[in-house]
2 protein chains.
Amino acid sequence: MAEEWSFPSVLERMWGREPTTRRGPRPRLDLPTITAAAIEIADAEGIGGVSMASVASRVGVATTALYRYIDSKEDLLTAMADAVAPLPPDPEGMHWRDYLALWTRAQRDILLQHSWLLAISANVPPMGPRRLLWLDRALAALEGTGLDEGERVNVASSLTGFALTDASLIHNVLGDSQLDKAGLKGASDYGEALAAVLDPADYPALSAAVGAGVFSGVVGWVDDGDFLFGLNLLLDGVEQLIARRRAGT
Amino acid sequence: MAEEWSFPSVLERMWGREPTTRRGPRPRLDLPTITAAAIEIADAEGIGGVSMASVASRVGVATTALYRYIDSKEDLLTAMADAVAPLPPDPEGMHWRDYLALWTRAQRDILLQHSWLLAISANVPPMGPRRLLWLDRALAALEGTGLDEGERVNVASSLTGFALTDASLIHNVLGDSQLDKAGLKGASDYGEALAAVLDPADYPALSAAVGAGVFSGVVGWVDDGDFLFGLNLLLDGVEQLIARRRAGT
DNA sequence: GGCATACTGTGTATCGCGTTCATAGTTTCA
DNA sequence: TGAAACTATGAACGCGATACACAGTATGCC
């Protein structure tokens with residue numbers, strides 16, 4: 001029944017529950033210090049620069065010392081993903097739609113500022129204190145809308161997913177290295193590249209879009225308008241659902 | 001101007017443009033053979049089982065022989081991601097909403113059947129023949145709705161993103177290994193785990209949702225209804241936009 | 001027909017990274 | 001004071017991606 005749970009040690013530490021031990025030397029590190037160092041490296045050099053060795057050397061210990069605090073590198077990444085998130089904005093007094101728009105944009109911006117997150121997300125269900133706080137605030141904003149608990153969670157999930165999608169799109173098209181890696185020198189080349197490769201007979205609709213210049217130039221392709229476009233698609237859907245619930249269906 | 005483009009060699013091969021050379025021994029392999037082998041391994045053992053060595057041994061050549069066909073492992077992954085996609089369904093004669101629902105679900109199912117895709121996506125803008133064909137069909141289905149080319153692309157992107165989000169969610173909660181790795185034995189434990197860790201004072205709305213049983217049990221948490229929920233959120237938004245365009249705004 | 005050429009597959013080698021293990025040192029409790 | 005519990009370390013292992021030089025093989029030109 002109410003047995004004592006055994007979380008993975010990283011999770012315990014993420015929630016501040018350091019092991020309650022008294023013997024032995026004082027630990028020289030703690031999880032926040034380690035994740036902070038790892039995040040700094042990832043921000044500066046990308047996720048590729050994050051190795052056990054690089055993190056350890058940055059905090060001034062031997063490589064293997066890190067294993068006293070985390071069980072594996074993947075655990076480190078999990079901890080990083082939670083720790084980068086700042087505190088969510090306060091929904092107090094805001095209309096749900098305004099807050100969720102703000103909330104979603106903020107999430108997207110976090111992903112863009114720390115684009116290495118894109119390579120990590122799609123990992124574990126969120127279990128860290130920060131990410132759960134974000135979820136909590138979204139649910140709070142939806143109180144009083146007539147949606148039930150499950151629906152609120154679904155709305156929040158959809159918006160989080162959208163933020164991730166949008167950030168991923170922007171990163172891939174404007175991104176630092178990806179496009180060079182694909183042999184494209186800039187975003188505007190994406191349209192050209194498509195045109196060079198598509199046979200209008202096999203790809204009629206897509207060719208038309210390319211011909212219309214949809215993919216040409218950074219501005220026409222991904223800009224803030226596109227974010228709002230998708231966001232409002234979702235929020236319109238939510239609004240309609242709320243109206244339906246209010247109408248008693 | 002119309003210069004000869006130099007794509008990365010993998011892209012050339014993905015589009016069937018093998019180098020037009022005649023000298024030397026006949027290549028024993030081709031890109032489709034390699035990607036097929038890699039996909040089989042990934043399906044069977046997960047993405048972790050895919051190494052240059054394992055793929056090479058499966059097709060019966062030395063490890064380094066693969067580098068005659070691809071420049072790097074990442075290129076192999078790119079090719080795999082395009083090659084797993086089957087041909088998209090035909091929108092001929094279908095209402096745009098029905099088709100897009102089908103189209104999105106099919107994409108999600110692909111991601112679930114080859115869940116290693118989740119670890120790869122968020123990579124490069126789609127440049128392969130299969131993925132572009134999917135995009136083309138979605139755009140075709142939106143012809144005659146009054147949306148302009150850019151809007152159609154945005155709709156398709158949003159739906160693709162949603163499919164990815166939903167698949168990712170399902171995979172993480174019901175997934176094969178992830179949950180064990182997180183120390184949770186099954187999906188129903190997610191709710192329990194949250195309850196064990198949350199302080200209702202700090203996470204009031206989320207605690208309420210947990211208390212309502214939203215996260216308890218597989219059925220209540222992610223099922224087909226949730227997919228339809230998010231999908232219809234988006235499609236309702238699209239429908240509203242189309243109506244607005246028709247009304248002349 | 002023969003020879004240079006361009007191309008193919010292989011074996012060897014290197015480098016970096018994650019992780020394990022035995023060890024030496026350090027602090028607290030009995 | 002001594003034992004127990006815990007810490008950080010260095011060396012070592014295994015694996016995986018990739019570079020390189022080499023040997024073999026088919027084509028095109030003379």
Side-chain angles (χ1 to χ4, degrees), chain A residues 8-10 12-13 17-35 37-38 41-42 45-80 116 119-120 123 177 181, chain B residues 8-10 12-13 17-35 37-38 41-42 45-80 116 119-120 123 177 181:
Chain A
S9 61
V10 206
E12 294 285 1
R13 280 189 228 264
R17 304 189 187 171
E18 303 282 336
T20 60
T21 172
R22 293 287 152 225
R23 296 279 182 82
R26 282 290 174 77
R28 202 181 303 167
L29 300 171
D30 51 13
L31 190 59
T33 304
I34 296 175
T35 55
I41 295 177
E45 310 172 30
I47 197 67
V50 177
S51 68
M52 292 291 146
S54 66
V55 174
S57 106
R58 176 171 262 259
V59 294
V61 297
T63 303
T64 58
L66 296 182
Y67 288 90
R68 293 273 156 206
Y69 302 88
I70 55 177
D71 287 338
S72 68
K73 181 179 182 178
E74 205 177 330
D75 283 353
L76 172 61
L77 297 177
T78 300
M80 289 171 66
W116 46 269
I120 294 183
N123 255 1
S177 50
K181 200 213 60 198
Chain B
S9 61
V10 208
E12 295 285 1
R13 280 191 227 263
R17 304 187 186 173
E18 302 282 335
T20 62
T21 171
R22 292 288 152 225
R23 297 279 183 82
R26 283 290 176 75
R28 202 180 302 167
L29 300 171
D30 51 12
L31 190 58
T33 304
I34 297 175
T35 54
I41 296 177
E45 310 173 28
I47 197 67
V50 178
S51 68
M52 292 292 147
S54 66
V55 174
S57 105
R58 176 170 261 260
V59 294
V61 296
T63 304
T64 58
L66 297 183
Y67 288 90
R68 294 276 161 204
Y69 302 88
I70 55 177
D71 286 339
S72 67
K73 180 177 183 179
E74 203 177 331
D75 284 353
L76 172 62
L77 297 178
T78 301
M80 289 170 66
W116 45 270
I120 294 182
N123 256 0
S177 51
K181 200 213 60 198

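All values below come from the heavy atoms of this structure, side chains included, with hydrogens, waters and symmetry mates left out. So that the names make sense, note that chain A is the first sequence line, chain B the second, and so on, each numbered from 1.
Rounded to an integer number of Å, the gap from CZ of B:Arg68 to P of D:dG24 is 16 Å. Summarising the geometry, the separation between CD1 on B:Ile70 and C1' on D:dG16 is reported as 14 Å, rounded to the nearest angstrom. If you take CG of B:Leu29 and P of C:dC7, they are 17 Å apart, rounded to a whole angstrom. Distance, A:Asp30 CG to D:dC6 P: 18 Å, rounded to whole Å. One interatomic measurement links the two molecules: CG of B:Leu66 to P of C:dG11, which rounds to 13 Å at whole-angstrom precision.
A donor atom on one side chain and an acceptor atom on the other are found under 3.5 Å apart for B:Thr33 and B:Asp30.
Side-chain contact between A:Met52 and A:Leu76: present, with at least one pair of heavy atoms (C-beta onward) separated by less than 4.5 Å. The closest side-chain heavy-atom distance from B:Leu77 to B:Ile47 is below 4.5 Å. The shortest distance between side-chain heavy atoms of A:Leu29 and A:Val59 falls below 4.5 Å.
Taking both residues in full, the closest heavy atoms of B:Ser72 and B:Tyr67 are given as CA-CE2, 4.4 Å, listed atom of the first, atom of the second, then distance. The two residues B:Ala38 and B:Val50 make their nearest non-hydrogen contact at O-CG2, 3.8 Å.
Atom CG of residue A:Asp75 and atom CG of residue A:Leu66 lie 12.5 Å apart, to the nearest 0.5 angstrom. From B:Ile41, atom CD1 reaches atom CE of B:Met80 across 8.0 Å, with rounding to the nearest 0.5 Å.
Residue contacts for A:Ala62: at a heavy-atom cut-off of 4.0 Å it reaches the sugar-phosphate backbone alone, with no base atom in range.
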Listed pairs, N/O of protein and of nucleotides 25-29 of chain C, under 3.5 Å:
| unit_1 | atom_1 | unit_2 | atom_2 | d |
| --- | --- | --- | --- | --- |
| C:dT27 | O2 | A:Gly24 | N | 3.4 |
| C:dC29 | O4' | A:Arg23 | NE | 3.2 |

Report, one pair per line, the protein and nucleotides 15-19 of chain C atoms (nitrogen or oxygen only) whose separation is under 3.5 Å.
| unit_1 | atom_1 | unit_2 | atom_2 | d |
| --- | --- | --- | --- | --- |
| C:dG18 | OP1 | A:Lys73 | NZ | 2.4 |
| C:dG18 | OP2 | A:Met52 | N | 2.9 |
| C:dT19 | OP2 | A:Tyr67 | OH | 3.0 |
| C:dT19 | OP2 | A:Lys73 | N | 3.0 |

